[in-house]
Amino acid sequence: MTFQYSRGFAHQLDEHDVLKDFRQWFHFPTNVSGETLLYFCGNSLGLQPRTAKQALDSELEDWAKFGVEGHFHGKKPWFHYHKFLSAHSAEIVGAKEHEVVVMNQLTVNLHLLMVSFYRPTQQKYKIIMEAGAFPSDMYAVESQVKFHGFNYDDAVIEIKPRNGEHTLRTEDILACIEDHKNELALVFFSGVQYYTGQLFDIKSITAKAHQVGALAGFDLAHTAGNVDIQLHDWHVDFAAWCSYKYLNSGPGNVSGIYIHEKHCMNEKTPRFAGWWGHKEDQRFLMKRGFIPEPGAAGWQMSNAPVFGMAVHAASLEIFHKAGITKIREKSKKLTAYLEYVINHVQEHHAGISFEIITPKNPDERGAQLSILIKENGKALFDHLTAKGVIADWREPNVIRLAPAPLYNRYDDIFALGEILKSFPS
Ligand SMILES: *Cc1c(COP(=O)(O)O)cnc(C)c1O
């Protein structure tokens, strides 16, 4: 479709947007004068669903009313609480219901999954990951290889983009897996790269890892709720994600995990255990000898943090109503409009010069553009902030903008264009 740089055109796109009504389900931050800010940080902390408070209140009420009996007599009995989130979580990542569970937080879950799926031998012990991965992932991997007695520089292979390029080519990732096939234990990648916004080819990476006898796991922090994926059909071994970025469930909230059924239905798959992963009908018998509940639920350790999960459940309900396919469809168009608008501004504004480092192909990115500003990046970012735009600054010179399809409008993007144009050159 050909875009136009005009408010009327943006309004027309909003008018025809099948998801336009979802915007009113969210709270928008305001400035000191009470004016609504332009929010482009849904990749970092998604906005609060209006249903969140009620969901949380409902659990507080049950606690007040039932005390410990809330485990069985609450409106949503806490004993089974994780089950209220599994179906909608599975929809979002393309998994079977028993392959997912919501528990703990993201980095904790990455460790627990590596306990099960990074099982190095003297021969096969290496991990391939993207260079410049999110720091928590680097630290998690570093500590895992050290824990097993290996040395980071030898055991971890970081793939870098080619000279002069910002993102990775799938062919280079696959070639790297082939090159290290004899020593490779695990390929561990993000789904959507947090810095560049690149969406990796999860299916091909997984197939190649399996071809050389390695496993494939993904950190979906920037992927879940952002792009449509099919973890089960792509035979991904394991994945984890957080709930507070595109999934709008609040700061530091719970994480979801996925484990392919070939692993999670096998009770011999090694894991670190706790009482909540014990076979459910015997959980309260308090006997020795761990018998896992079948499925990803058998990786739970502690009883469910119900308050956080209640908010996450309320948010998942919105995703279920909108449908990830429709969300992705709108997202592609919305991000393309953002790309068009900022390119338009660059062409017409002598004082702004940037390069979009996120891939141009909509199938290789999600709802984020990372913009490398060539000069005065911080001044431009400060200008945006002063004009009521919430975006994200990454040292030394990158602005990340994420239009979230559930609550951002085409009009927000046009308004951003006008603010960029007002940057004094
Ligand atoms: C946001 C993010 C995290 C954050 O981890 P927490 O354990 O939730 O603090 C980890 N990894 C990636 C790739 C992220 O984008």
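Remember, it's 1-based here, ligands and their atoms both numbered in the order they're listed. Remember, predicted model here, so these are calculated numbers, not experimental data.
Near A221, meaning under 4.0 Å from any of its heavy atoms, are these atoms of ligand 1: 2 (C), 12 (C), 13 (C), 14 (C), 15 (O). For ligand 1, the atoms closer than 4.0 angstrom to any heavy atom of H222 are 15 (O).
Remark: aromatic rings of H344 and F3 are distant, center separation not under 6.0 Å. In this structure, the ring of F284 has its center less than 6.0 angstrom from the ring center of F79.
Looking only at protein heavy atoms, the nearest one to atom 3 (C) of ligand 1 is F134 CE2, 3.3 Å. Protein heavy atom at the shortest distance from atom 7 (O) of ligand 1 is T107 OG1, 2.6 Å. Closest to atom 8 (O) of ligand 1 among all protein heavy atoms lies Y244 OH, 2.5 Å. Looking only at protein heavy atoms, the nearest one to atom 11 (N) of ligand 1 is D137 OD1, 2.7 Å.
With a 4.0 Å heavy-atom cut-off, ligand 1 is reached by no atom of L110. Using a 4.0 Å cut-off between heavy atoms, D219 contacts ligand 1 through its side chain alone, with no backbone atom that close.
In this model, no donor atom of one side chain and acceptor atom of the other lie less than 3.5 Å apart for Y407 and D412.
No N or O atom of S190 sits closer than 3.5 Å to an N or O atom of ligand 1. At least one N or O atom of K245 sits closer than 3.5 Å to an N or O atom of ligand 1. Considering backbone and side-chain atoms alike, Q105 places every N or O at 3.5 Å or more from each N or O of ligand 1.
Taking the ring axis of F290 as reference, the NZ or CZ atom of R271 does not stay both within 45° of it and closer than 6.0 Å to the ring centre. Cation-pi check for R23 over F28 is met; the charged atom lies under 6.0 angstrom from the ring centroid and within 45 degrees of its normal. A cation-pi arrangement is absent between K208 and F189 under the rule of less than 6.0 angstrom and at most 45 degrees off the ring axis.
Dense packing is recorded around CD of E395, with more than 12 heavy atoms of other residues, nucleotides or ligands lying under 6.0 Å away.
Residues K181 and E178 are paired through a salt bridge, judged by an N-O separation under 4.0 Å between the basic side chain and the carboxylate.
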